[in-house]
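Reading through the structure tokens given below for one structure.
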Number of protein chains: 2
Amino acid sequence: MGGAPVSDQEQAGGHRQVGVKDVAAAAGVSLGTVSNVLNRPQVVSARTRLRVEAAMADLGFVRNESARHLRAGRSSTLAYVLLDGANPFFTDVAQGIEEAAEAADLSVFLCNSDNRAERELSYLTRLEQHRVQGILITPADPHAAILDELPQRGTPVVIVDRTRGGDTHCSVAVDDVLGGELALLHLIENGHDRIGLVGGPLSLGQVRDRKHGAERALAATGRDPAALLHVETAALTVHEGRQAGQRLAGLPTATRPTAVFCANDLLALGLLQHCVSTGIRVPEDLAIVGYDDIEFAAAAAVPLTSVRQPRRKLGATAAELLLRETRETGHVHEQVLFTPELVVRTSSQGPPRRGITNPPMGAGSAG
Amino acid sequence: MGGAPVSDQEQAGGHRQVGVKDVAAAAGVSLGTVSNVLNRPQVVSARTRLRVEAAMADLGFVRNESARHLRAGRSSTLAYVLLDGANPFFTDVAQGIEEAAEAADLSVFLCNSDNRAERELSYLTRLEQHRVQGILITPADPHAAILDELPQRGTPVVIVDRTRGGDTHCSVAVDDVLGGELALLHLIENGHDRIGLVGGPLSLGQVRDRKHGAERALAATGRDPAALLHVETAALTVHEGRQAGQRLAGLPTATRPTAVFCANDLLALGLLQHCVSTGIRVPEDLAIVGYDDIEFAAAAAVPLTSVRQPRRKLGATAAELLLRETRETGHVHEQVLFTPELVVRTSSQGPPRRGITNPPMGAGSAG
DNA sequence: ATCCAAAAATGAAAGGTTTCAATCAAGCTC
DNA sequence: GAGCTTGATTGAAACCTTTCATTTTTGGAT
């Protein structure tokens with residue numbers, strides 16, 4: 001039996017795609033008119049418009065984004081490639097992006113690179129093939145060649161929560177050096193002398209900057225920046241934070257810090273967890289300052305002092321810069337730098353405990 | 001000097017898109033051959049292939065996904081519309097989806113509906129226009145009409161972390177009734193009599209099911225299901241958890257529960273936070289069981305007993321079902337139900353304190 | 001040399017939408 | 001009612017890739 005020749009477009013459900021052509025036929029108008037109803041409703045008479053709209057509803061017409069894009073040359077999507085989908089900081093940034101994009105009637109593709117370079121590259125390649133309008137990215141490596149190639153080939157890229165030397169890209173970041181400085185100044189003011197830094201890997205610029213800020217604070221107050229005890233972690237996760245706690249606990253009493261600045265809140269929460277479970281009192285035995293001020297920071301058993309970043313604003317601004325870049329001719333890249341803010345909570349309150357087990361290093365004049 | 005006519009495709013950067021045509025010209029071959037190099041490399045001779053590949057690299061050729069898709073009729077993307085981007089549970093499910101998709105060489109569009117119906121609808125519409133290969137969704141309302149219309153029009157939909165009467169969709173879920181039951185049985189076994197439930201809104205099926213399971217456990221052990229004190233929340237967030245804590249604290253001692261089952265971990269963490277800050281000891285004064293076993297549960301100041309769901313597996317299975325549906329002809333929808341597992345930690349250990357009374361909960365009860 | 005089969009390369013058509021110059025209709029003015 | 005103007009509609013071309021039926025080339029066998 002000769003079945004009807006099956007088009008290669010046939011859906012599994014035996015469904016033919018309804019196109020503008022079908023709508024036009026059903027409504028008794030031309031292709032162009034249907035397109036006008038969709039894109040320039042004001043130029044088409046009310047009567048015709050209603051007829052066309054009715055036909056669309058009848059047939060269940062769904063615009064084909066690929067075809068439009070192919071013809072129009074620009075997609076209505078932008079993408080955010082984030083470093084760590086499990087870190088609430090980034091999901092908050094994503095929210096800010098989504099809001100700005102929604103206002104501009106764009107969709108957002110969220111992609112999680114999981115801090116893996118090959119996955120980041122794979123997503124970037126795909127997104128470029130999709131001809132997204134632009135890409136927002138918190139890169140694993142802000143100096144990756146692809147980040148230069150994409151804009152060269154026509155896909156604008158905005159760097160989020162990082163900066164990059166030069167003005168080759170728009171970027172939105174928070175002054176992480178200042179953030180680190182604020183954290184340390186706070187601890188120093190509270191009388192801490194032996195201060196640790198928990199964070200890593202140093203391949204992350206965020207970690208480097210925050211450390212740098214911490215050292216700057218030490219130098220600015222006449223201390224030796226090298227005295228900052230750095231417990232380096234392999235990632236910015238709760239798990240690594242707990243491990244850092246064990247390492248700190250293993251230090252000889254004399255050198256064990258009385259306060260620790262963690263490069264992000266996940267680490268701080270992990271460290272806090274370790275402290276509570278091993279009976280180290282926070283902040284009496286160990287003061288802790290985190291970074292990011294994620295929601296879980298305030299909700300921690302010992303509410304966490306943290307360096308707050310304008311997360312949503314970060315995302316929204318990045319999205320706006322990207323939109324500007326796609327619309328403006330003769331666009332000049334802009335580097336926006338936000339200022340972080342220290343939010344003091346319980347975990348860092350009060351002076352260090354100057355007990356027998358933790359004698360001060362000198363009879364000195366602590367803050 | 002007449003300027004060359006500027007194509008409407010011209011990029012802002014003065015960039016012309018490089019297409020197969022340009023590659024073909026540069027390599028001195030036909031269009032078809034370039035396409036063969038891309039799609040059927042084995043049919044083209046090694047020499048030609050290398051020449052074409054060189055030309056591609058030279059010109060910076062990037063495949064146009066829209067054009068491919070338009071011609072080929074199927075996209076290489078699928079999407080996951082999730083309920084709450086700020087809840088680590090869903091980002092973990094998303095990870096599972098991403099892994100399965102990566103294995104099938106597909107991209108994943110993550111969309112955050114934020115539990116808002118209109119945003120969910122807007123994303124679904126967009127995704128349908130994009131002709132994604134299929135949609136995974138944890139719906140705000142699993143009975144929304146659009147969820148039926150999409151498959152009718154050719155976009156398969158798999159429901160994640162929810163079920164739906166009938167077999168109109170594939171779905172992957174965890175037995176939330178059983179989960180609620182496990183939580184309550186655990187508390188009952190530990191000797192608790194006055195048990196509360198914190199969760200809401202009841203419009204969320206997850207909450208309804210978990211509550212139902214809790215009631216079933218009470219009934220099964222000869223108790224009155226109606227005795228379950230339900231503190232209803234407006235959302236499943238940390239903030240709501242803290243508020244629920246305040247409401248619990250306001251209850252008269254005689255009726256105040258000695259144990260609480262929270263409908264998810266965010267609520268449990270918020271409640272825990274409230275307890276710690278007001279001096280209520282967990283688990284001695286109040287035992288807490290959460291749900292989801294997110295990473296922060298184990299890391300909480302009082303490690304949280306929780307009902308674990310196979311989050312990644314949930315996502316991966318859903319993605320696999322979707323792929324099956326797109327590939328099989330005569331597909332039969334499948335409803336997969338996973339079994340949850342109780343993970344006992346400190347927050348629920350030990351019997352209720354049968355002291356003189358419950359300790360004063362917070363010095364100044366407001367009002 | 002000739003022929004043939006297999007391998008390789010070709011090029012026109014198709015896919016759904018948008019654009020735009022061109023056409024058509026209707027309403028006004030003198 | 002002729003000549004205009006404005007408003008509405010039309011239809012072919014273009015966007016870029018893939019497909020597939022043809023054509024061309026290659027290399028081995030006769």
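So that the names make sense, note that chain A is the first sequence line, chain B the second, and so on, each numbered from 1.
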[X] near the nucleic acid: base, sugar-phosphate alone, or nothing, with a heavy-atom cut-off under 4.0 Å?
X	value
A/Ser45	sugar-phosphate
B/Val29	sugar-phosphate
B/Thr48	sugar-phosphate
A/Asn36	base

Inset, instruction - Between A/Lys21 and A/Ser35, just flag the one whose closest nucleotide in DNA chain C comes earlier from the 5' side. - result: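 Residue closer to the 5' terminus by nearest nucleotide: A/Lys21.
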Inset, instruction - Hey, which sits more toward the 5' end of DNA chain C by its nearest nucleotide, B/Ala67 or B/Gly28? - result: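 Comparing both residues, the 5'-ward one is B/Gly28.
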Find the distance [X]:[atom1] to [N]:[atom2] and express it as a whole number of Å.
X	N	atom1	atom2	value
B/Asp22	D/dT17	CG	C1'	13 Å
B/Asn64	D/dT18	CG	P	9 Å
A/Arg131	D/dC16	CZ	P	9 Å
B/Leu70	D/dC15	CG	C1'	9 Å
A/Met56	C/dT17	CE	C1'	11 Å
B/Arg51	C/dA9	CZ	C1'	11 Å
B/Arg40	C/dA9	CZ	P	13 Å
B/Leu31	C/dA13	CG	P	13 Å

Salt bridge check: are [X] and [Y] linked by an N-O gap of less than 4.0 Å?
X	Y	result
A/Arg119	B/Glu98	yes
A/Glu334	A/Arg324	yes
A/Arg49	A/Glu53	yes

Inset, instruction - Find the bend of the helix from C/dA1-D/dT30 to C/dC30-D/dG1 as the angle between its two terminal axes (five pairs each), to the nearest 10°. - result: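 The angle separating the two end axes equals 50°.
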Inset, instruction - Could you work out which one of C/dA8, C/dG16, C/dA13 sits closest to the side chain of B/Arg71? - result: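 Out of C/dA8, C/dG16, C/dA13, the nucleotide with an atom closest to B/Arg71's side chain is C/dA13.
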Legend entry - Nearest-0.5 Å distance, CZ of residue B/Arg131 to CG of residue A/Asn64: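 Rounded to the nearest 0.5 Å, the CZ-CG separation comes to 4.5 Å.
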Inset, instruction - Indicate yes or no: at least one non-hydrogen side-chain atom of A/Phe90 is less than 4.5 angstrom from one of A/Asn112. - result: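 Side chain of A/Phe90 against side chain of A/Asn112, heavy atoms only: no contact under 4.5 Å found.
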Legend entry - Residue pair A/Arg164 / A/Thr168, side-chain donor-acceptor N/O under 3.5 Å: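 Yes - a donor-acceptor pair under 3.5 Å links their side chains.
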Inset, instruction - Ignoring hydrogens and angles, state whether a donor on the side chain of B/Gln95 or B/Arg312 is under 3.5 Å from an acceptor on the partner side chain. - result: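 Side-chain D/A pair, B/Gln95 to B/Arg312: present.
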Inset, instruction - Could you tell me whether the phosphate oxygens of D/dT10, OP1 or OP2, come under 4.0 Å of any side-chain nitrogen or oxygen in A/Ser30? - result: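 Yes, because at least one side-chain N or O of A/Ser30 sits under 4.0 Å from OP1 or OP2 of D/dT10.
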Legend entry - Under-4.0 Å side-chain N/O to phosphate OP1/OP2 contact, A/Asn39 with C/dT18: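 Affirmative; the distance criterion is met.
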